Participant: 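Structure in structure tokens, see below.
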Amino acid sequence: MTADIEKKIHQTFQYLHDNAELSWEEVETTNYLKKLLEEHGCETITFDDCTGVVGKYGNFDAGLPVVAIRGDIDALWQEVDGEFKANHSCGHDAHMSIALGALWLLQARPELKDKVALKVVFQPAEEVGAGALKMVEKGVIDDVEYFYGLHLRPIAETVMGRASSVIIHGATRRLIYAIKGDDAHAARPHLNKNAIEIGSEILQLVSNIHIDPRIPHSAKMTQFQAGGRSGNIIPGSATFTLDLRAQNNDTMEILVNKVKNIVDSIKTLYNVDISLTKESGIVAAVTNDEAIAIAEAAIIKQLGEEGLEKPIVTPGGDDFHYYTVKKPALKATMIGLGCDLEPGLHHPNMRFNHDALINGAKVLYQMILDTYKI
């Protein structure tokens with residue numbers, strides 16, 4: 001039976017890999033997953049204003065705690081072998097296939113159906129940090145007590161045959177600003193405020209921010225656009241982006257406040273219009289000891305004692321952690337799955353050992369069993 005399920009997982013992965021779709025555009029992916037869920041006896045929930053689908057399996061009328069597992073469904077837009085396309089270089093095609101595999105392993109034991117209440121959440125728009133919040137808004141986790149996610153990990157963090165019970169992601173924040181002013185002739189610099197000089201001042205001050213060095217953090221300017229085709233014009237307007245990273249949410253708030261204070265000070269010093277046009281980001285992981293313990297036991301049962309990796313701490317982010325921030329009582333963790341992934345996540349030619357798909361499915365399946373103590 002496991003061999004048949006493994007074959008089906010690989011076939012599903014290949015289809016999803018070959019038919020990647022961008023954030024909020026995962027229409028065919030949603031339809032495909034909905035069809036698969038319904039073919040395997042699940043009740044499905046879809047939404048009239050966004051992509052994504054939830055499958056329900058088990059007994060939701062017996063007062064059992066509801067367990068959810070997540071598969072994120074969107075891809076990245078990037079150049080692959082000279083062609084721009086939607087590309088699953090973050091492993092979401094694997095995450096979907098693994099979540100389905102866990103469901104299929106559970107369904108292979110039909111006597112367990114009345115002993116579980118499982119939601120399989122196929123969430124859109126993780127890559128833009130908005131899908132989890134949408135699922136919260138839709139009430140997807142209102143009745144959920146335990147929530148488990150999973151993410152492929154680069155070979156630098158862990159290897160094939162191993163898995164971590166928790167990924168401790170950092171917080172990210174992106175601030176996009178606009179400087180608005182008038183252009184001036186390059187021979188008359190006293191007639192305007194040079195947007196490039198203003199941006200340079202902000203960059204210098206942001207680079208000199210000091211926060212507790214024991215907590216990883218960074219702030220840098222990642223985009224700056226000013227001027228046009230004429231080199232004899234001093235630009236009065238510009239746009240720039242500041243990318244902020246911090247290992248925990250409290251440090252992120254300190255960092256954001258310091259950056260905003262710097263921009264406000266420069267705005268006053270130069271008497272120039274600088275406005276925040278967009279702010280977005282992802283919260284850092286909020287860990288739960290009970291969920292982590294369940295994950296540790298499941299990894300050991302399925303991969304052996306030697307398969308348990310230490311907790312993975314990474315400056316990368318994932319919007320999965322909005323679930324626990326928005327619902328603090330939620331017992332959640334995200335598994336870090338070793339799969340010999342190279343050269344790295346988001347690389348256009350990312351590759352990994354596909355045998356890890358069944359490992360991930362078995363670990364999630366075991367976590368479901370252990371949560372219900374069956």
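All figures in this text were calculated on a predicted structure; none of them were measured in a lab.
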Participant: Looking at Asn59 and Leu64, would you say the former's side chain and the latter's main chain have a donor-acceptor pair under 3.5 Å?
Facilitator: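 Looks like no, no N/O pair under 3.5 Å.
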
Participant: Can you classify the ring geometry of His92 versus His88 as parallel (below 30°), tilted (30 to 60°) or perpendicular (above 60°)?
Facilitator: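 It falls in the tilted class, 30° to 60°.
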
Participant: Does atom CD of Glu305 have more than 12 heavy-atom neighbours, drawn from other residues, nucleotides or ligands, at distances under 6.0 Å?
Facilitator: no

Participant: With rounding to the nearest 0.5 angstrom, report the CD to CD distance, Glu126 to Glu26.
Facilitator: 11.0 Å

Participant: State whether the number of non-hydrogen atoms from other residues, nucleotides or ligands found under 6.0 Å of Lys327 atom NZ is greater than 12.
Facilitator: yes

Participant: Show your reasoning for whether side chain to side chain contact (heavy atoms under 4.5 Å, CB included) applies to Ile168 and Gln247.
Facilitator: CA-CA 8 Å; Ile168 306 175; Gln247 199 56 56; 4.2 Å; yes

Participant: Measure from the side-chain N and O atoms of Ser164 to the backbone N and O of Lys310, and report whether any donor-acceptor pair falls under 3.5 Å.
Facilitator: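 Yes, the answer is positive, given that a donor and an acceptor are paired below the 3.5 Å cut-off.
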
Participant: Could you go through the salt bridge (charged side-chain N to carboxylate O under 4.0 Å, His left out) check for Glu253 and Arg173 one step at a time?
Facilitator: CA-CA 10 Å; Glu253 291 312 308; Arg173 194 75 60 89; 2.6 Å; yes

Participant: Considering residues at least two apart in sequence or located in another chain, which fulfil the side-chain contact (heavy atoms from CB on, under 4.5 Å) criterion with Thr12?
Facilitator: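 Thr12 satisfies side-chain contact (heavy atoms from CB on, under 4.5 Å) with Lys8, Leu16, Tyr32, Leu36, Ser97, Leu100, Trp104 once adjacent residues are dropped.
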
Participant: Given Phe224, which partner from the list Ile202, Thr241, Leu242, Ile196 fulfils the side-chain contact (heavy atoms from CB on, under 4.5 Å) test?
Facilitator: Ile196

Participant: Could you work out, with side chain to side chain donor-acceptor pair (under 3.5 Å) as the rule, every residue matching Ser89, not counting sequence neighbours?
Facilitator: Gln78

Participant: Rounded to the nearest 0.5 Å, what's the gap from CD1 on Ile167 to OG1 on Thr287? Could you check?
Facilitator: 13.0 Å

Participant: Which word best sums up how the rings of His354 and His10 line up, parallel for under 30°, tilted for 30 to 60°, or perpendicular for over 60°?
Facilitator: tilted

Participant: Without swapping roles, check the side chain of Thr314 against the backbone of His169 for a donor-acceptor pair under 3.5 Å.
Facilitator: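 The answer is no, because no donor-acceptor pair under 3.5 Å joins these two groups.
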
Participant: Nearest 0.5 angstrom please: His151 NE2 to Leu341 CG, how far?
Facilitator: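 Answer for the NE2-CG pair, His151 versus Leu341, is 9.0 Å.
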
Participant: Sub-3.5 Å donor-acceptor pair from the side chain of Thr277 to the main-chain atoms of Ile176, do we have one?
Facilitator: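 Yes.
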
Participant: Got a sec: does the CG of Asp182 have more than 12 other heavy atoms crowding it under 6.0 Å?
Facilitator: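 Check fails, neighbour count at 12 or below.
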
Participant: Show every side chain to side chain donor-acceptor pair (under 3.5 Å) that has at least one partner inside residues 355-374, sequence neighbours left out.
Facilitator: Arg109-Tyr365, Tyr148-Thr371, Lys301-Asp370, Gln302-Gln366, Gln366-Asp370

